[in-house]
Engineer: 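Mind having a look at this structure? Questions to follow.
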Amino acid sequence: MHDLRTLRDDMPMLRAAMERRGKIDVLGPVLERAGALDKERRRLILGVEEQKAARNANAQDVARRKKAKESADEQIAAGRALGEAISTAEAALSSVESELGELMFELPNATREEVPAGDETNNVILRNWGTPRMDAGVPPHWETGAALGVLDLERGVKVAGSGFIAYRGMGARLQRAFMQFMLDLHTRVHGYEEVWVPFAVNRASMIGTGQLPKFEEDMYRLRDDELYLVPTAEVPVTNLHRDEILDASVLPVAMTAYSPCFRREAGSAGKDTRGLLRVHQFDKVELVRYVAPDRAEAELELLLAHAEKVLQLLELPYRVLLLAAGDTGFASSKTYDLEVWSPGTQKWLEVSSCSNFGEFQARRANIRYRPAPGEKPRFVHTLNGSALAFPRTFACLLEHHWQADGTVRIPVALQPFLGASQLG
RNA sequence: GGACAGGUGGCUGAGCGGUUGAAAGCACCGGUCUCGAAAACCGGCGUACCGGCAACGGUACCGAGAGUUCGAAUCUCUCCCUGUCCGCCA
């Protein structure tokens, strides 16, 4: 959510931002309309408030006269007329405000200047870590997973439908090991507070982080209650301090949480859906930080390093991408993706997305901090990243560490958590 | 799920339908005093929006929304949340 003042004072910046995202065709007119509505809104406010001031003065007058036992009939009649005028004016104002509000919810965040313009073909590979396995003959994870008895795709489909996974035996245990391994790393080494949060959230939370109102069709919604299954722990964790003013001394707030993630993936049917590549329910450990604005850039690098550390310990070769504006998420001002090489499918798979949201989410969720006693509250900047999403990590693990005898080597760092040094 | 009782500023807690944005206390900030601190005393101390270069002025906000009224924190309705008891239950 952008500040209305930006609309007023820096329209060229907003236009340029939509241009870089490749959305100017659709959003240019939205910006124009919003700008006009903002002007209209202020004009109406002026009138309404003037009338209200008159009404308040008139009501005081009535009170004074009644106290003095004078007649107030004239004032009461005047007040009634004012009241009618006010409700007409307010109706006009509220219709302008609700349209303006809807338009503002349509506008994505502006990306930072170092983010390249254009679509995903403009993403920049910043660096590589490790050596991708290029030898032929590494089977895809769904074959290895079935052979080792750790993945039961057919039965996942039977009990829930396509995109729902059943893990078995050591495969199930590996999920638990992932959770413990990642949470321990982030809490004990990287200094995050571990939190465990609701996996269903209300509408206000979904609006706070930017999933709603724009992406309703991607969310699982509970029919009888105004609740949504979380698409990522980002939602409940970031919203933990919604509508609060934090003391500056608590920044940076760093929280990590495990959660299952539920995504309808509307519109992406049939795309990269083999095995674990794209599923409706998956598990993930998430990192969330609230930081002071001037720290946001540095803290994003820090958070990215925390996510990378997981891959390094899992000994999985990866690359770091700086996403181009058009590929950057709606609420984000800058996003790094971590992609792991999958030798079984000959693809780079995204296992983490680390973003700086600036004040875009904090403004929606109303998360502020007071820089110093007596100073005005300011919005925090929010950051988050997966560290990591389990299924694709699982897939790459099964492929990259696959050995010619059909077994899978378990990286040393994970062994104590799994209680085994190999699968099979 | 049922029955009661509640939801007021950072916290505690007053508040007859009419100078109540809201008493008081705590916390916090500034000052006096002190070598310094504490105590005491004095003063200040909400958020958002609109107008204004500014000083400042205006409007709104007492869980949320609607209503009654010249005027609502105060009355009515709906919803949400919290507490207590009962029921059910992992």
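Both backbone and side-chain heavy atoms feed into the values below; hydrogens, waters and symmetry mates do not. In the text below, chain A, chain B and the rest are named by the order of the sequence lines, each starting its count at 1.
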Engineer: Could you identify the nucleotide paired to G87(B), looking across every strand shown and requiring Watson-Crick or G-U wobble geometry with both distances under 3.5 Å?
Structural biologist: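 Base-paired to nothing in any strand shown.
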Engineer: Touch check for R203(A), heavy atoms < 4.0 angstrom, all strands: base, sugar-phosphate only, or nothing?
Structural biologist: nothing
Engineer: Does any nucleotide pair with A40(B) by Watson-Crick or G-U wobble geometry, both distances under 3.5 Å, and what is it?
Structural biologist: U32(B)
Engineer: Look at R41(A) and C49(B) and indicate whether a side-chain polar atom (N or O) is within less than 4.0 Å of OP1 or OP2.
Structural biologist: no
Engineer: Using whole Å, what does the distance between atom P of nucleotide C70(B) and atom CD1 of I86(A) come to?
Structural biologist: 13 Å
Engineer: Let's test this: given Watson-Crick or G-U wobble pairing with both distances under 3.5 Å, identify the partner of A5(B).
Structural biologist: U82(B)
Engineer: So what does K67(A) touch, heavy atoms closer than 4.0 Å: a base, only the sugar-phosphate, or nothing?
Structural biologist: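 If one applies the 4.0 Å heavy-atom cut-off, K67(A) turns out to touch nothing in the nucleic acid.
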Engineer: When you get a sec, tell me which of C49(B), A48(B), G51(B) is the closest nucleotide to the side chain of R42(A)?
Structural biologist: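 Between C49(B), A48(B), G51(B), the one nearest the side chain of R42(A) would be G51(B).
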Engineer: For the pair made of CD in E226(A) and P in C80(B), what is the distance, rounded to whole Å?
Structural biologist: 11 Å
Engineer: For G18(B) versus C86(B), give the span between their C1' atoms, rounded off to a whole number of Å.
Structural biologist: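 Taking atom C1' in both G18(B) and C86(B), they lie 44 Å apart.
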Engineer: Would you indicate which nucleotide in A60(B), G71(B), C49(B) comes nearest to any side-chain atom of K52(A)?
Structural biologist: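 My answer, after comparing the listed nucleotides, is A60(B).
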Engineer: Touch check for N56(A), heavy atoms < 4.0 angstrom, all strands: base, sugar-phosphate only, or nothing?
Structural biologist: sugar-phosphate
Engineer: Which one is paired to G71(B), where only Watson-Crick or G-U wobble pairs with both distances under 3.5 angstrom count?
Structural biologist: none
Engineer: Round to the nearest Å and state the distance from D3(A) atom CG to A48(B) atom P.
Structural biologist: 11 Å
Engineer: Measure from the side-chain heavy atoms of P377(A) and tell me the nearest of C50(B), U59(B), U47(B).
Structural biologist: U47(B)
Engineer: Return the value, rounded to whole Å, for the distance between atom CD of Q51(A) and atom C1' of A60(B).
Structural biologist: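 Nearest whole value for this atom pair: 16 Å.
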Engineer: Go ahead and name the base partner of A23(B); Watson-Crick or wobble counts if both distances stay under 3.5 Å, otherwise write none.
Structural biologist: none
Engineer: Consider the side chain of R55(A), meaning its heavy atoms from C-beta on, and name the nucleotide among U47(B), A60(B), U19(B) that approaches it most closely.
Structural biologist: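 Of the candidates, A60(B) comes closest.
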Engineer: Between the side chains of E194(A) and Y258(A), is a donor N or O closer than 3.5 angstrom to an acceptor N or O?
Structural biologist: no
Engineer: Report the C-alpha distance between E90(A) and K52(A) in whole Å, list the side-chain angles of each, state the deciding distance to 0.1 Å, and finish with yes or no for side chain to side chain contact (heavy atoms under 4.5 Å, CB included).
Structural biologist: CA-CA 10 Å; E90(A) 277 193 320; K52(A) 282 187 175 176; 2.8 Å; yes
Engineer: Which nucleotide, if any, forms a Watson-Crick or G-U wobble pair with A60(B), using both distances under 3.5 Å?
Structural biologist: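 The base-pairing partner of A60(B), which may sit in any strand shown, is U47(B).
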Engineer: Are Y167(A) and F394(A) close enough that their ring centers fall under 6.0 Å?
Structural biologist: yes
Engineer: On RNA chain B, does the nearest nucleotide to R363(A) precede the nearest nucleotide to A57(A) from the 5' side, or the other way round? Give the residue.
Structural biologist: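 By nearest-heavy-atom nucleotide position, the 5'-most residue is R363(A).
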Engineer: Side-chain N or O of R370(A) less than 4.0 angstrom from OP1 or OP2 on C45(B)?
Structural biologist: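 So the side-chain polar atoms of R370(A) never come under 4.0 Å of the phosphate oxygens OP1 or OP2 of C45(B).
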Engineer: So is R289(A) actually on top of Y192(A)'s ring, under 6.0 Å and inside 45° of the axis?
Structural biologist: yes
Engineer: What is the nucleic acid contact for R43(A), judged by heavy atoms within less than 4.0 Å: base, sugar-phosphate only, or nothing?
Structural biologist: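 Nothing, no heavy atom under 4.0 Å.
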Engineer: So which one's nearest nucleotide on RNA chain B is more toward 5', D38(A) or Q60(A)?
Structural biologist: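 Looking at RNA chain B, the more 5' nearest nucleotide goes with Q60(A).
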Engineer: With sugar-phosphate meaning primed atoms plus P, OP1 and OP2, does R8(A) contact a base, only sugar-phosphate, or nothing at under 4.0 Å between heavy atoms?
Structural biologist: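 Here R8(A) touches the backbone only, sparing every base.
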Engineer: What's the CD1-P distance between I45(A) and A60(B), to the nearest Å?
Structural biologist: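 Those two atoms, CD1 and P, are 12 Å apart.
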Engineer: Can you tell me how far P in G67(B) sits from the matching atom in U74(B), rounded to whole Å?
Structural biologist: 14 Å
Engineer: For this output row, return yes or no: ring centroids of F360(A) and H381(A) closer than 6.0 angstrom.
Structural biologist: no
Engineer: Quick one: label R65(A) by what it contacts on the DNA or RNA (base, sugar-phosphate, nothing), any heavy atom closer than 4.0 Å.
Structural biologist: nothing
Engineer: Pick out which of L349(A), I165(A), L398(A) makes a side-chain contact (heavy atoms from CB on, under 4.5 Å) with L276(A).
Structural biologist: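 Answer after filtering L349(A), I165(A), L398(A): I165(A).
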Engineer: Could you give the distance separating G63(B) and C28(B) at their C1' atoms, to the nearest angstrom?
Structural biologist: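 Approximately 26 Å lies between the C1' atom of C28(B) and that of G63(B).
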Engineer: Report the distance from atom CD1 of I245(A) to atom P of G46(B), rounded to the nearest whole Å.
Structural biologist: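 Going from CD1 in I245(A) over to P in G46(B) covers 12 Å.
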Engineer: With both distances kept under 3.5 Å, what pairs with C77(B), Watson-Crick or G-U wobble?
Structural biologist: G65(B)
Engineer: I'd like the C1' distance from A60(B) over to A72(B), given in whole Å.
Structural biologist: 14 Å
Engineer: Does one side chain, of R242(A) or S205(A), offer a donor that lies under 3.5 Å from an acceptor on the other?
Structural biologist: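 Present: a donor and an acceptor within the cut-off.
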Engineer: In whole angstrom, give me the gap between the P atoms of C16(B) and G87(B).
Structural biologist: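 Pairwise P distance, C16(B) against G87(B), rounds to 38 Å.
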Engineer: Any donor-acceptor pair, under 3.5 Å, between the side chain of E49(A) and the base of G58(B), if you only look at N and O atoms?
Structural biologist: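 Result: at least one qualifying N/O pair found.
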Engineer: Rounded to whole angstrom, note down the C1' distance from C33(B) over to G43(B).
Structural biologist: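 About 15 Å, rounded to a whole number of Å.
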Engineer: Hey, what's the ring geometry for F262(A) with Y220(A), parallel, tilted or perpendicular (30° and 60° as the breaks)?
Structural biologist: perpendicular
Engineer: Does C16(B) have a Watson-Crick or wobble partner in any strand here, with both distances under 3.5 angstrom, and which is it?
Structural biologist: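 Across all strands, not a single nucleotide pairs with C16(B).
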Engineer: Taking C62(B) as the reference, what is the distance to G21(B) when you measure between their P atoms (whole Å, please)?
Structural biologist: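 Each nucleotide's P atom is 12 Å from the other's.
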Engineer: Work out how far the C1' atom of A90(B) is from that of U12(B), and round it to whole angstrom.
Structural biologist: 38 Å
Engineer: Rounded off to whole Å, could you give me the CD-to-P distance for the E97(A) and U59(B) pair?
Structural biologist: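 Interatomic distance, CD of E97(A) to P of U59(B): 17 Å.
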Engineer: Among the nucleotides C70(B), G46(B), A48(B), which one has an atom lying closest to any side-chain atom of K376(A)?
Structural biologist: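 Closest nucleotide to the K376(A) side chain: A48(B).
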Engineer: What is the distance, rounded to the nearest whole Å, between atom CG of L246(A) and atom C1' of G10(B)?
Structural biologist: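 Spelled out: CG on L246(A) to C1' on G10(B) is 12 Å.
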